[in-house]
Each structure stands twice: as structure tokens, then as C-alpha cells.
2 protein chains.
Amino acid sequence: MTTAAASGRDLPHPAREEIRLESVLHALSDPMRLRIVRELAADGRELSCSDFVLPVTKSTTTHHFRVLRESGVIRQVYRGTAKLNGLRTDDLDALFPGLLDRVLEAATRQAGRPVP
Amino acid sequence: MTTAAASGRDLPHPAREEIRLESVLHALSDPMRLRIVRELAADGRELSCSDFVLPVTKSTTTHHFRVLRESGVIRQVYRGTAKLNGLRTDDLDALFPGLLDRVLEAATRQAGRPVP
DNA sequence: GCCGTACTACGATGCTTATCGTACGAGGCA
DNA sequence: TGCCTCGTACGATAAGCATCGTAGTACGGC
């Protein structure tokens, strides 16, 4: 846990045992959100929302990040004016072992290349 | 191919290479459809629609089977008055190795028991 | 204190979808 | 042939959701 002194308010996340498989699958079934998750996985670090260049407006981006957070796929922490996003790999692997990895692998296969 | 003499018309299925990960995830993200898929996997055989006892009407059931077929998750074949449904495990495993198994495993874990 | 950046909240919009009911077609069986 | 079962088609409905634009809040830097 290197969540060193995240300044500011914090956002509602589902606890590990509240994460529902159906919600996770639904969150991952949107191309834009799958893309976000792939980039997060590829980078490994926590990224701010503005690190993502998506072909939608900022409000739509906010919406997608919210869906990902509320489904338990990502964790969001305010850090000053930025908001850092990280995959909840620990929780997801504990609940659904291997699932996230297979989805990411499947996405890469389908795209024919690793994430840009 | 043991598709022995399925009587009657046949239904439109996506070819293997047309199956999209997002569509599969979306198909599996509905509780009713995930339940259908779990029962199909648990049984192993091809089941007719009426083998499923779902808390929805028949038209809704038809709709869910159609979504599963059009996303490439199941294969449907008419057999007299019945329609047999089988998982496309071969195609799914070829495209997205391990994905279906992990989803099924995750569903079982979450339900706390194998499919009824 | 003021400004700019990062993100949010809210309302609108149009599309998708999960659900139902009813009416219909296809095939087995008496 | 006529009936029953299985499943479909179609229309309706209500909810969900992906998207946008605008207006607003929080925070860091000047």
C-alpha cells in the first residue's frame, strides 16, 4: 500500500465481498471501458483520468470511470486536483482467480496487438 | 461434428472469427443468461430451451437465447419441435483461451455452490 | 487572492434492452 | 386431420445507459 497521503475526500468503493461478477463483466463489456482497463494493466501504475486519450468528452470519461469504480474493477483516489486510477487486481484475483488476466489476454488477442 | 440430421431450418450464427469479446462479456453479464450458460456447462449435453426453468416468460427466454447465440456463446439447432442449445466451447477456447472456464469458475465461487 | 487545471454534477437526448402478452408457425402424435 | 407442445414474431413498455454540453467545485501555483 503506497497510498501515501492522498489529499482530499474519498470516493465510495464496493468492498471486496460486495463485488459482483455480473457487474464486473458488464463493466468490461463496453469498448471504452475495456480500453481503459487495458491501458491501466499495461502501464501497471496508477494513472490519472487525463492520462487517457479517449474519443469521447470528459463527462463521458468520468461516467466510465465511475462505472468501473462502482463495479469494483478500479480504485480511485484523489491526489490533489488529479484522480488516480488503479486496477483492483488483488481483490479481483482473490474473488475470481485468473479472470481479469484472461480477459486482458483475450482483448489483446482480439486486437491483434498489445494496448497502444 | 455430431450434428446428426437436425430437421428444419437453421439459425444465423456468427462465424468463429466474428465473435467479439465485448459481445461475449455483455452476453454473460446478465444474470439470467449467465445462469443459462452455467446450466449448459454443468450438464455438458445440448439442452432444449424448455429444459430451463427460469423466472421469466417464454418470450423473454427466447430473447436471452437469441442474445447468447448472436454473441457466439451458444449454438442453436432445431431438432423437430425442440431447439437444442450447446455451448460453443471449441470456438470460445480457440479465441479466448480459458476465459469461459474462468467465468464459470467465478460464477460458482460467487454463488457458493455449483449450478443447481 | 486569483487563475487555470482536473474533475464532477446535472439535465437532456436518443438508443438499447429486459420484460411482458398475445398471436402465430412448425412439427410430432393420436 | 386435428390437437398439443415448443418456440417465434411483433408490439408495447419501462428502465438503463452512453453520450453530450454547460455550469460548478476542489486544489495547486502564481
Side-chain angles (χ1 to χ4, degrees), chain A residues 4-13 20 22-37 39-40 45-71 73-86, chain B residues 4-13 20 22-37 39-40 45-71 73-86:
Chain A
S7 70
R9 54 263 127 101
D10 41 297
L11 298 147
H13 291 76
R20 302 283 311 164
E22 291 89 341
S23 305
V24 170
L25 294 177
H26 175 248
L28 296 176
S29 73
D30 182 275
M32 216 61 68
R33 291 194 291 261
L34 185 56
R35 176 167 163 175
I36 291 172
V37 169
E39 291 193 30
L40 277 175
R45 292 170 305 171
E46 298 197 315
L47 299 175
S48 80
C49 296
S50 53
D51 288 332
F52 295 84
V53 187
L54 301 173
V56 290
T57 64
K58 264 200 303 184
S59 18
T60 305
T61 304
T62 297
H63 162 70
H64 285 310
F65 275 104
R66 185 217 286 254
V67 173
L68 287 170
R69 170 170 49 83
E70 292 181 343
S71 66
V73 176
I74 67 171
R75 201 181 326 262
Q76 295 191 296
V77 173
Y78 278 108
R79 181 77 178 236
T81 141
K83 193 159 74 168
L84 294 184
N85 304 276
Chain B
S7 70
R9 54 262 128 102
D10 42 298
L11 299 147
H13 290 76
R20 303 285 307 164
E22 290 88 341
S23 304
V24 171
L25 294 177
H26 175 248
L28 296 176
S29 73
D30 181 275
M32 216 61 67
R33 292 194 290 262
L34 185 55
R35 176 168 163 174
I36 291 172
V37 169
E39 291 194 30
L40 277 174
R45 292 170 305 171
E46 297 196 317
L47 299 175
S48 80
C49 297
S50 54
D51 288 332
F52 296 84
V53 187
L54 301 173
V56 290
T57 63
K58 263 197 309 182
S59 16
T60 305
T61 302
T62 297
H63 162 69
H64 284 309
F65 275 105
R66 184 216 286 252
V67 172
L68 286 170
R69 169 171 51 82
E70 291 181 343
S71 67
V73 176
I74 66 171
R75 201 182 327 261
Q76 296 191 295
V77 173
Y78 278 108
R79 182 76 177 236
T81 142
K83 193 159 75 168
L84 294 184
N85 304 276

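These numbers come from a predicted model, not from an experiment. Here is how names work: the chains are called A, B, and so on, in the same order as the sequence lines, proteins then strands, and each is numbered from 1.
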Colleague: Whether B/Arg33 contacts C/dA18 is assessed here as follows: a side-chain N or O lying under 4.0 Å from the phosphate OP1 or OP2. Is that the case?
Modeller: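 Answer is yes, contact under 4.0 Å.
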Colleague: Can you check the B/Arg35 CZ to C/dA18 P distance for me, whole Å?
Modeller: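 Answer to the nearest Å: 16 Å.
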Colleague: Measure the distance from CZ on A/Arg79 to P on D/dG29 and round it to the nearest whole Å.
Modeller: 12 Å
Colleague: Which heavy atom in A/Glu39 sits nearest to a heavy atom in A/Leu47, and how many Å separate them?
Modeller: O-CD1, 4.3 Å
Colleague: How many Å lie between CD on B/Glu22 and C1' on C/dT17, as a whole number?
Modeller: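 The answer, rounded to whole Å, is 18 Å.
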Colleague: Rounded to whole Å, please give me the gap between CD in A/Glu70 and P in D/dG16.
Modeller: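 The distance from CD of A/Glu70 to P of D/dG16 comes to 13 Å, rounded to the nearest Å.
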Colleague: Testing the basics here: between A/Leu84 and A/Ser48, what is the closest heavy-atom pair and its distance to 0.1 Å?
Modeller: CD2-N, 4.0 Å
Colleague: Rounding to an integer number of Å, can you tell me how far B/Leu68 CG sits from C/dA18 P?
Modeller: 10 Å
Colleague: Name all residues meeting the side chain to side chain donor-acceptor pair (under 3.5 Å) criterion together with A/His64; count only those two or more places apart in sequence or in a different chain, and write none if there are none.
Modeller: A/Arg33
Colleague: Write down the distance between CG (A/Leu84) and C1' (D/dG28), rounded to a whole number of angstrom.
Modeller: 15 Å
Colleague: Return the value, rounded to whole Å, for the distance between atom CG of A/Asn85 and atom P of C/dA6.
Modeller: 14 Å
Colleague: In dot-bracket form, how is DNA chain C paired, counting a Watson-Crick or G-U wobble pair only if both its distances are under 3.5 Å and using | for bases paired to another strand?
Modeller: ||||||||||||||||||||||||||||||
Colleague: Would you kindly give the OH-to-P distance between B/Tyr78 and C/dG27, to the nearest whole Å?
Modeller: 9 Å
Colleague: Tell me which residues in residues 57-66 of chain A put a heavy atom below 4.0 Å from DNA chain D, sorted by number, or none.
Modeller: A/Thr57, A/Ser59, A/Thr60, A/His63, A/His64
Colleague: Rounded to the nearest 0.5 Å, how far apart are CZ of A/Arg75 and CZ of A/Arg69?
Modeller: 12.5 Å
Colleague: If you take all heavy atoms of A/Ser71 and A/Val24, which pair is closest and at what distance?
Modeller: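 Residues A/Ser71 and A/Val24, closest heavy atoms: O-CG2, 3.7 Å.
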Colleague: Quickly, which of B/Asp10, B/Asn85, B/Leu68 forms a side chain to side chain contact (heavy atoms under 4.5 Å, CB included) with B/Gln76? Name it, please.
Modeller: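 So, applying the side chain to side chain contact (heavy atoms under 4.5 Å, CB included) to B/Gln76 and each of B/Asp10, B/Asn85, B/Leu68, only B/Asn85 qualifies.
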Colleague: Which residues pass the salt bridge (charged side-chain N to carboxylate O under 4.0 Å, His left out) test with B/Glu46, not counting sequence neighbours?
Modeller: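 Salt bridge (charged side-chain N to carboxylate O under 4.0 Å, His left out) list for B/Glu46, sorted by chain: empty.
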Colleague: Do you know the tightest heavy-atom contact between A/Leu28 and A/Leu34?
Modeller: O-CB, 3.6 Å
Colleague: Tell me, which of residues 49-56 of chain B have any heavy atom that sits under 4.0 Å from an atom in DNA chain C?
Modeller: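 B/Val56 - these, ordered by number, are the residues of the stretch whose heavy atoms sit under 4.0 Å from the strand.
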Colleague: Rounded to the nearest 0.5 Å, what's the gap from CZ on A/Phe65 to CG on A/Leu54? Could you check?
Modeller: 6.5 Å
Colleague: Please give me the minimum heavy-atom distance between A/Asp30 and A/Met32, naming the atom from each residue.
Modeller: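 A/Asp30 and A/Met32 have their closest heavy atoms at OD1-N, 2.9 Å.
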Colleague: Any idea which heavy atoms bring B/Ile36 and B/Phe52 closest together, and the distance?
Modeller: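 Closest heavy-atom pair between B/Ile36 and B/Phe52: O-CE2, 3.7 Å.
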Colleague: When you compare the protein's N or O atoms with those of nucleotides 13-16 of chain C, which come within less than 3.5 Å of each other, and at what distance?
Modeller:
none

Colleague: From D/dT19, C/dA6, D/dT5, pick the nucleotide closest to the side chain of B/Thr81?
Modeller: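 Taking heavy atoms from C-beta onward, the closest nucleotide is D/dT5.
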